[in-house]
Amino acid sequence: MHHPPVTIQDKQFSIYLPERKILHSVEIVAARLSHDYRGKQPLFLSVLNGSFMFASDLMKEMSIPCEISFVRLSSYADMQSTGQVKELIGLKEEIRGRHVVVVEDIVDTGHTVAGLLPQLHQKGAASVEVATLLIKPDSLQHDLHIKYPAMSIANDFVVGYGLDYNGLGRNLRDIYKVM
Ligand SMILES: O=P(O)(O)OC[C@H]1O[C@H](OP(=O)(O)OP(=O)(O)O)[C@H](O)[C@@H]1O
Ligand SMILES: Nc1nc2[nH]cnc2c(=O)[nH]1
């Protein structure tokens, strides 16, 4: 399939990860999670907005009983990390004693996940792991163990499949990187 470059506001993006490659990596992560969490009825916590598409495809591939809830945190200002730890909001479920899987679209600097994990432990989670569609190992600034990364990528700004540039591009089926 042909994927012409995409323009969003002032930037051009070229194809990076086509949909079939994304969905294949999601299937592999879902199979690992289904194996590891058998009998544990995990609670997936999808961190909005970016993770909605990954969370949807991941859930469809899970073959064990599991729950999902959606939470919010901070947002990036343009393409820069704010570096501030933001509070978890919108959590209705009781976390105490639950096996929690944080669902992220991307772990970049790691600030977001590093800020979130202690809040979940503090609420008494039995275990907390992270499933992320993308991880940028060269950008990570925290000593984090991300157990379920679907794909590792270079330190490029990417959009599509839930990921945005200034709120746009989330609807793209494929992932593009800035040119
Ligand atoms: O590892 P980090 O450097 O913290 O970056 C990762 C975070 O950045 C993005 O969220 P963003 O704040 O852009 O909000 P969004 O999901 O609503 O797009 C993404 O969804 C992660 O939550
Ligand atoms: N859209 C998008 N959001 C991010 N948040 C942190 N890194 C990125 C990235 O590469 N793309």
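Counting starts at 1 for both ligands and their atoms, following the listed order.
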inquiry  = Can a side-chain donor-acceptor contact be found between Y176 and D156 if the only test is distance below 3.5 angstrom?
reply    = no

query = Is ligand 2 under 4.0 Å from a heavy atom in the side chain of D105, in the backbone, in both, or in neither?
reply = neither

key: Separation between CD1 of I135 and CG of L144, rounded to the nearest 0.5 Å   = 7.5 Å

Residue pair S46 / S51, side-chain donor-acceptor N/O under 3.5 Å = yes

task = Starting at CG of L45, measure out to CZ of R98 and round the result to the nearest 0.5 Å.
result = 9.0 Å

4.0 Å heavy-atom contact, Q141 with ligand 1 = no

request  = Enumerate the atoms of ligand 1 whose separation from the nearest heavy atom of G110 is less than 4.0 angstrom.
outcome  = 1 (O), 2 (P), 3 (O)

request  = Answer yes or no: is there a side-chain heavy-atom contact under 4.5 Å between N49 and D105?
outcome  = no

task = Could you tell me whether T112 approaches ligand 1 through its side chain, its backbone, both or neither, with non-hydrogen atoms closer than 4.0 Å?
result = both

message = Is it the case that the side chains of D174 and Y16 hold a donor-acceptor pair, with the cut-off being a distance below 3.5 Å and no angle test?
response = no

ask   = Any idea which part of D164 is under 4.0 Å from ligand 1, heavy-atom wise: side chain, backbone, both or neither?
value = side chain

message = Below 4.0 Å from ligand 1: does a non-hydrogen atom of V47 turn up there or not?
response = no

ask   = Measuring from the heavy atoms of T109, does anything fall under 4.0 Å of ligand 2?
value = no

remark   = Quick look: V158 vs ligand 2, heavy-atom contacts under 4.0 Å, and the answer is both

request  = State, yes or no, whether a side-chain contact exists between H99 and Q41 at a heavy-atom distance under 4.5 Å.
outcome  = no

query = Is there a heavy atom of F157 sitting under 4.0 angstrom from any atom of ligand 2?
reply = yes

inquiry  = For ligand 2 and K136, I'd like to know whether there is a polar contact (N/O to N/O, distance under 3.5 Å).
reply    = yes

request  = Say whether Y148 and D36, considering side chains only, have a donor N or O and an acceptor N or O under 3.5 Å apart.
outcome  = yes

note = Closest heavy-atom approach to atom 7 (N) of ligand 2 among V107, D108, V178 is made by D108

